[in-house]
Visitor: 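So that we are looking at the same thing, I have put the structure below in C-alpha cells.
Throughout, protein chains are lettered first and strands after them, A, B, ... in sequence-line order, and every chain is numbered starting at 1.
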Amino acid sequence: MIGKQKASIAWPGTPLPRAFFDRSAPDVAPQLLNKILAAADGRAGRIVEVEAYVGAVDPAAHTFRGKTPRNATMFGPPGHMYVYFTYGMHWCCNCVCGSVGVGSGVLIRALEPLQGLAQMRAARPRIANDRDLCRGPARLTQAMGISGAQDGIDLVNAREGFAIVDDGMAPPENLVGGPRIGLSVGKDFPWRWSVPGSRYVSGRLVSGAASRQR
DNA sequence: CGGGCGATACCCT
DNA sequence: GGGTATCGCCCGA
C-alpha cells in the first residue's frame with residue numbers, strides 16, 4: 001500500500017519511546033546495543049555496533065557546518081531515522097537524538113541477523129556467509145531494505161515500516177567507547193561502542209577474538 | 001586474514 | 001573539484 005500503512009513490527013517487545021532518543025547521542029548510543037532493529041516485513045536484527053555523532057562540536061558529523069538539504073532530518077525531532085548516501089553507492093542509517101535543532105544521532109554499524117534471513121539473503125545475493133549480511137553500516141541497510149526512501153521516517157510510532165524494539169535484553173555492562181571508523185577528522189572522540197565478543201561487529205577483529213564467539 | 005585499490009554519485013565549497 | 005560515517009575483489013602470506 002501507500003507509505004503509511006499500519007505496520008505491525010515483527011519482533012516481540014516494546015518499541016523505544018521518544019524520550020529514549022531525547023538525550024545526547026553519546027548517552028543514547030551504548031543503550032541501543034542489544035536492542036532490535038525490526039521491519040514490518042519480518043526482517044529483524046540485534047544491534048551490536050553503534051557510533052555517536054554530535055552537531056556543532058564534532059567535525060566528523062554531517063551536521064558540523066549547519067543545516068543543509070542532505071542533513072535536514074538530523075536537525076529534526078529525535079526518534080526519526082536519518083538515512084544518507086555515501087561513496088556513490090551506499091546508504092547508512094542513524095537514529096536522530098537530542099532536541100530539535102541539535103543535529104546529532106547514532107549510526108547503526110552492525111546487526112546480528114535474527115529473522116527474515118531469506119529476505120536478507122535475497123537483498124544481498126552475492127554474500128555466501130550469513131555473518132556478513134549485516135556486518136557494516138551499508139551492508140545492514142541493504143539487508144534490511146533501507147534506502148533514501150526511509151530518510152525521515154518515525155521509528156517511534158512504527159507506522160512507516162521500521163522500529164527499534166526492546167525485547168528485554170539489557171545492554172552489555174562496563175562498556176568503554178573507542179575511536180570511530182572511517183574518519184579523517186574527529187578521530188579522538190571515543191564514540192564507538194560494540195557488543196564485546198560478537199562475531200557480527202564490523203572492522204578488524206582484535207587478535208584472538210575470532211575464536212571467542214558468543 | 002589483512003592490506004590495497006577501484007567503483008561511483010552526490011554534496012558542499 | 002575534492003572528499004566521502006563503505007564495500008567487495010584481488011592478492012600475498
Visitor: So how far is it from C95(A) SG to I164(A) CD1, rounded to the nearest 0.5 Å?
Guide: 3.5 Å

Visitor: Would you mind classifying the nucleic acid contact of I127(A) as base, sugar-phosphate or nothing, using non-hydrogen atoms under 4.0 angstrom?
Guide: sugar-phosphate

Visitor: Restricting to side chain to side chain contact (heavy atoms under 4.5 Å, CB included), what partner residues turn up for N174(A), sequence neighbours left out?
Guide: none

Visitor: Can R70(A) be said to sit on top of F85(A)'s aromatic six-ring, NZ or CZ under 6.0 Å from centre and within 45° of the ring axis?
Guide: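 So R70(A) doesn't make the cation-pi contact.
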
Visitor: With a 4.0 Å cut-off on heavy atoms, is L107(A) in touch with a base, just the backbone sugar-phosphate, or nothing at all?
Guide: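 The answer is base, as L107(A) lies within the cut-off (heavy atoms under 4.0 Å) of a base atom.
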
Visitor: Whenever both distances are under 3.5 Å in a Watson-Crick or G-U wobble pair, mark it; put DNA chain B into dot-bracket that way, with [ ] for crossing pairs and | when the partner is on another strand.
Guide: |||||||.||||.

Visitor: As an exercise, state the distance from CG of L183(A) to CG of D58(A), rounded to the nearest 0.5 Å.
Guide: 8.0 Å

Visitor: Has the side chain of R124(A) got a donor or acceptor atom that lies under 3.5 Å from a matching backbone atom of L133(A)?
Guide: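 Here the side-chain-to-backbone pair exists.
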
Visitor: Among residues 46-60 of chain A, which contact DNA chain C at a heavy-atom distance under 4.0 Å?
Guide: Y53(A), A60(A)

Visitor: Counting only heavy atoms from other residues, nucleotides and ligands, does the tally under 6.0 Å from CZ of R18(A) exceed 12?
Guide: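 For R18(A), atom CZ is crowded (more than 12 foreign heavy atoms under 6.0 Å).
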
Visitor: Does R192(A) reach a base, just sugar-phosphate, or nothing at all? Heavy atoms under 4.0 Å.
Guide: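 Since no nucleic acid heavy atom lies under 4.0 Å of R192(A), the category is nothing.
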
Visitor: Mapping Y82(A) and R126(A) to their closest nucleotides on DNA chain C, which lands nearer the 5' end?
Guide: Y82(A)

Visitor: Applying a 4.0 Å non-hydrogen cut-off, can you work out what R180(A) is touching in the nucleic acid: base, sugar-phosphate, or nothing?
Guide: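 No contact.
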
Visitor: So do V102(A) and F75(A) actually touch side chain to side chain, heavy atoms under 4.5 Å?
Guide: no

Visitor: Below 4.0 Å from chain A heavy atoms, what is the first contacting nucleotide of DNA chain C and what is the last?
Guide: dT4(C) to dC9(C)

Visitor: Going by distance alone, is a donor N or O of one side chain under 3.5 Å from an acceptor N or O of the other, for D132(A) and N129(A)?
Guide: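 N129(A) and D132(A) do not have a side-chain donor-acceptor pair below 3.5 Å.
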
Visitor: May I have all residue pairs that pass side chain to side chain donor-acceptor pair (under 3.5 Å) and include part of residues 74-98 of chain A, sequence neighbours excluded?
Guide: H62(A)-Y82(A)

Visitor: Atom OG in S104(A), atom CZ in F21(A): separation rounded to 0.5 Å?
Guide: 12.0 Å

Visitor: Could you run down nucleotides 5-10 of chain B 5' to 3' and tag each one B, S or - for protein heavy-atom contact under 4.0 Å?
Guide: --BBBS

Visitor: For R135(A) and S202(A), test the side chains for any donor-to-acceptor distance below 3.5 angstrom and give the result as yes or no.
Guide: no

Visitor: Quick check: does any side chain N or O of R121(A) sit under 3.5 Å from a backbone N or O of I127(A), one acting as donor and the other as acceptor?
Guide: no

Visitor: Got a donor-acceptor contact below 3.5 angstrom from the T141(A) side chain to the A138(A) backbone?
Guide: yes

